[in-house]
Amino acid sequence: MSVLVDRETRLVVTGITGREGTFHATNNKRYGTQVVAGVTPGKGGQEVEGIPVFNTVQESVDKAGANTAMIFVPPRFAADSILEAADAGVRLIIAITEGIPAHDELRVYTQLRRNPDVRLVGPNCPGILSPGKASVGIIPASFFRQGNVGVVSRSGTLTYQIGNELAQRGFGNSSIVGIGGDPVPGSSFIDIIELFEQDPETEIIVMSGEIGGSAEEEAAEYIAANVTKPVVAYIAGFTAPPGKTMGHAGAIVSGTAGTARAKQEALEAKGVRVGRTPTETAEIAMEILGAK
Amino acid sequence: MSVLVDRETRLVVTGITGREGTFHATNNKRYGTQVVAGVTPGKGGQEVEGIPVFNTVQESVDKAGANTAMIFVPPRFAADSILEAADAGVRLIIAITEGIPAHDELRVYTQLRRNPDVRLVGPNCPGILSPGKASVGIIPASFFRQGNVGVVSRSGTLTYQIGNELAQRGFGNSSIVGIGGDPVPGSSFIDIIELFEQDPETEIIVMSGEIGGSAEEEAAEYIAANVTKPVVAYIAGFTAPPGKTMGHAGAIVSGTAGTARAKQEALEAKGVRVGRTPTETAEIAMEILGAK
Amino acid sequence: MDLLEYQGKQLFARHGIPVPSGKPAKTVDEAVAAADEIGYPCVVKAQVLIGGRGKAGGVKIAKDRAEATRHATDILGMDIKGFTVHEVWIEGASQIAEEYYASIVFDRSAKAPLVMLSTRGGMDIEAVAEEDPTAIARLHVDPLLGFQDFHGRKLAFAANIPADLVRPVGAMLTKLYAAFEAEEAMLIEVNPLIVTPERDVKALDAKVTLDGNSLFRHPENAELRDPSAEDPQEQMAHERGLTYVKLDGDIGILGNGAGLVMSTLDVVAQAGGAPANFLDAGGGSKADAIVSAVEVILSNEKVRAVLFNIFGGITRCDEVAKGLIEAFDIVKPEVPFVVRLDGTNDVEGRKLLADANLPNVATATTMNEAAEKVVELAKTGVAA
Amino acid sequence: MDLLEYQGKQLFARHGIPVPSGKPAKTVDEAVAAADEIGYPCVVKAQVLIGGRGKAGGVKIAKDRAEATRHATDILGMDIKGFTVHEVWIEGASQIAEEYYASIVFDRSAKAPLVMLSTRGGMDIEAVAEEDPTAIARLHVDPLLGFQDFHGRKLAFAANIPADLVRPVGAMLTKLYAAFEAEEAMLIEVNPLIVTPERDVKALDAKVTLDGNSLFRHPENAELRDPSAEDPQEQMAHERGLTYVKLDGDIGILGNGAGLVMSTLDVVAQAGGAPANFLDAGGGSKADAIVSAVEVILSNEKVRAVLFNIFGGITRCDEVAKGLIEAFDIVKPEVPFVVRLDGTNDVEGRKLLADANLPNVATATTMNEAAEKVVELAKTGVAA
């Protein structure tokens, strides 16, 4: 088992004819993901590396049976592309695009929330990897192998770093889910932790957070109330000075709330162990798995 | 029993300090309805005929326990007033106001539909009367008495006409519900017929429709599939020339669909008897009740 | 409220929707001056609030000034299905490669705007809809989310618009929707939406219906109502805040509430009579509204008898009686009246009427009885 | 993107939000001319992207020209918490009867705009929030429905705004929300929102943060970025499309992905070092981006050692290695580098570096090892 993407995933890639879209769609396909379609308006009927291209997401659903969409269009078109995928009946939408206007994200989130059957992961996320089954997005899949650690992270490269630390210690992953660091992520830590809790393959959950917002604090409450599996956390941004933007819009620190320290304390208060570095985080996970 | 309004109704009247608002709120109270509050922004703390006035609907809910709102504000403020009532947790909103812009109605309808706990009746409707229990709106209540005929109607005065025809023949009403003739009514024939079907006091349902739209045709389908009680219908507008507006925005005839004839045929095809005049409609109802 | 074609095009232009340029004209001189300014060939188009003007000879191409003069002379003053042409619109002739159809309708049944697109424009779209419903792509829009770019693509691909036109046609739909929403329209229809040989997309016609209830938010649109295009009686009623529709018969009808008035028309027709009008005096009618209503009804010379059918709710019967008494004092009608009063304050109203003892006014206690009486009076001048 | 006060007020004015009139000035002469034009008394206000300028002496009332000259001279060039004042805003002095607080925040936690209103304006709102949270009325808005009139009333009554001001304050909130939405703001704050003795409502201050990602839709706002208000290194980075934040330490940091870079700062700090900057080279960094990044990092003279921490995903390690080699060729850095490459094409990247044999470049296989090495190098110039 794993969460969200697996051998049943039938992926449509919007923006497939762009340079990056082609590169990563091809990578995902090569990994073994069923990439059944691409969408680029006006290029319907073409093919990209053997993947048929359609004019609309609706066509990719009707004709190629797509059930998952990866959004790879430029930021100004991404909200429209996500709404199109949802309208076409796609149940899981994974938005890689970085730099989507925050108000676009807000509109999309508010609209999608009205349909509980549709799940958005991202935007501004590296995607989802279920090692040995399917890779959707830009996670360098060859570094990870199948196992029992579920990883959920707001940061792309930090996800790889932590996954890699685990891999070097011999641990594999059920799934690695990047939820993105944008102001309005489609899925929260809680949403993904809930899935890992239900996933039989996952034995331990590693969550990687960062400064800004309150998603980690909310996850702490949720974990204490609902999660039976061990959770280990990492928080980036202890060194960030207050009031400075650190690249993610999600990383605006306002006052004390949202600091790395506040998040660490909130998690530890609920019994979640927090590693001080990616390495220490991996070591704690290892220790817990060893102790089981 | 009865539907929607009864002795449990705790009414707040928005626009209570207006001339018509005061007149009808007082009338409703005199009939026995629990009129617990009025709302006029800036006039909180005043009283209207012994009814306390609040600044916001929220206050009327919090302090006077209002559970039903009657909207009596001028058309340009009505959409806002309906949304305010819904936001304040009022479960039943009865909008009397006539002349609300159609796009306002559309926004309100779309927003309220997202909350299945809130029901809007109207706008541009005469209100709801459950004889002997409560009267909310402008229906001349003294003409009607308690009984077993449920009436639902798009037109105000036509409702009184039909109710009166029944009363003259000795029949009373469980409830009389005006749904209004506007482009986007909050409740449809189907919504109210569903309630009458479940109401033990109601033995027969009279629906009064008119030209325009397709609400009567949709009701015919619903009745055939879901209603066990006898339904008698009346349709106004056989003499209306196509393409002419007859006062209600709801009464724009386009082509053949939406004509009185088409509605009559749709209803009769599903076994619903249609009276040619209000008098004949009352006679059919009488005949069915007598036959029972 | 329906707009004339050129008013619709001016509204379109405000929202950045490409339309041919043109000028309105009310006289032949104005029309020829406009044609000279626009250049030849140009099109002289009758401005009337009714369809089918092309077939009726209300749209003509002018190659030169002589033709422009001739067409303007022919069309101005022309009668099209009962509507007199008071104005023409002169516009530059467009090169047409394709004729499409686009519209946005306030769909009451779905309770959402419905956007439609077809490549089969330039003809009667209802006939297309009947003959081949799949030729028209349709899409409902969530009014709180609004029209999205993908909606435009979805419609365009579904309607088989050529790939190079998907983007401009989608952009046109986006702007039409923005106009529909911003101007609070009930209908926006473009037939034909043309493609020029240069592959530009333009609205060659414009049918716009606005929501009369929203005009307080759109003062510039409220001014567009063209009284000269309305029937004089309807215009008088409108000025007095009454809802009045003129019909072909000889029995004047007044009631309160649109449903009851429609029902009254039906009952009168069933009794063998022919209603002369629909008149809804509205909720809460006061005496002076009744006076105005009587004046409007009697301004139609065909009227041979008048039926008042009132069931009081928000309207009080005593107010109606007072208004009727006052109207008789002012107007001194020569035709017989039948009055039926029921509902709020009916006892008081009936007593007022009885005390006033108006000439030629009969009363009735039911709607059917009232209808029968007035039909008889219209035929014979004597109540049955 | 933060706006200066006067830019925020000009944005407000575009949306019909009442603000005092004024003029910006960059020199004392300009300031005095503006003061003469506006009239006395007027206020000379430092324009800096940092709060607390009042306490720092950056806001002064001028009764006459002599005072205006003195204040402009004092304030222009002044340092406020590390920000140099390059510009002042001269505005007419306002009569103040009441000072309120209003703001709209893009609330990430609730995923909805949060509107706040309080009668306790003119002071540090965070202090008010801590001392008496009930003094601030709060309301989340459904972004698809938008701000409704009743929201304004609800907030105004909840904040105990006097009855005569409920309508104008509500109208102000409606306009602020319209501006928030139309301009795609992340924050709009008015503190104080004043009531004049004539009971007019005005925005006496304006704090506006726009969403940098949306500027392509707002070209007029994109032009407001004031490079002179930014740190020179940050400005250089911005021009080159890099996300760079200057910090106080001496170890230059480059990584790919904000999370990894933040983590790198933490690990360096834990190892006893002090980072000189945050620099995210972004996803898919190409060689020339790396060259730019090295230039930006080294333009900070405090930097004594540089750490490259790359975990390739969309970024390919060979591209990073190529960029580093090219940068050494162009910039010829004098400080030592530690490079850690993992992820996509890491083998190729490491080989390129090994073959290039750059002077003063050490490699590391883990993040911790890299951090320890660079801290040691910054201290001693020699790797541990």
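A, B, ... follow the sequence lines: proteins, then strands. Residue 1 opens every chain.
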| task | Hey, can you tell me if A:Y160 and D:F311 have their rings parallel, tilted or perpendicular (30° and 60° cut-offs)? | result |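 Because their plane-to-plane angle lies in the 30° to 60° range, the rings of A:Y160 and D:F311 count as tilted.
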Gap separating the [atom1] atom of [X] from the [atom2] atom of [Y], nearest 0.5 angstrom:
X	Y	atom1	atom2	result
A:S214	D:D107	OG	CG	7.5 Å
A:T279	D:M367	OG1	CE	7.0 Å
A:R276	D:Q270	CZ	CD	4.0 Å
A:L106	D:D211	CG	CG	11.0 Å
D:N368	A:T277	CG	OG1	5.0 Å

| If you take all heavy atoms of A:T157 and D:N256, which pair is closest and at what distance? |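 Scanning both residues completely, I find the closest heavy atoms to be OG1-O, 2.6 Å.
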| Checking A:I100 against chain D: side chain, backbone, both or neither under 4.5 Å from a heavy atom? |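 A:I100 touches chain D through backbone heavy atoms alone.
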| Cation over ring, D:R316 on A:F23, under 6.0 Å and within 45°? |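 Yes, D:R316 sits over the ring of A:F23.
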| Results of ring pair (Phe, Tyr, Trp, His ring centres under 6.0 Å) for A:F189 - residues two or more places apart only |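 A:F189 satisfies ring pair (Phe, Tyr, Trp, His ring centres under 6.0 Å) with no other residue.
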| said: Looking at chain D, which one of A:A141, A:A260, A:G237 has the largest number of heavy-atom pairs inside 4.5 Å, strictly under? | reply: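 Looking at each of A:A141, A:A260, A:G237 in turn, A:G237 comes out on top.
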| query | When only pairs under 4.5 Å are counted, which of A:G209, A:P75, A:P140, A:S208 shares the most heavy-atom pairs with chain D? | reply |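 Highest number of pairs under 4.5 Å: A:P140.
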| Candidates A:R107, A:R113, A:R114 - the one meeting salt bridge (Lys or Arg N to Asp or Glu O under 4.0 Å) with D:D142 |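 Per the salt bridge (Lys or Arg N to Asp or Glu O under 4.0 Å) rule, the option paired with D:D142 is A:R114, out of A:R107, A:R113, A:R114.
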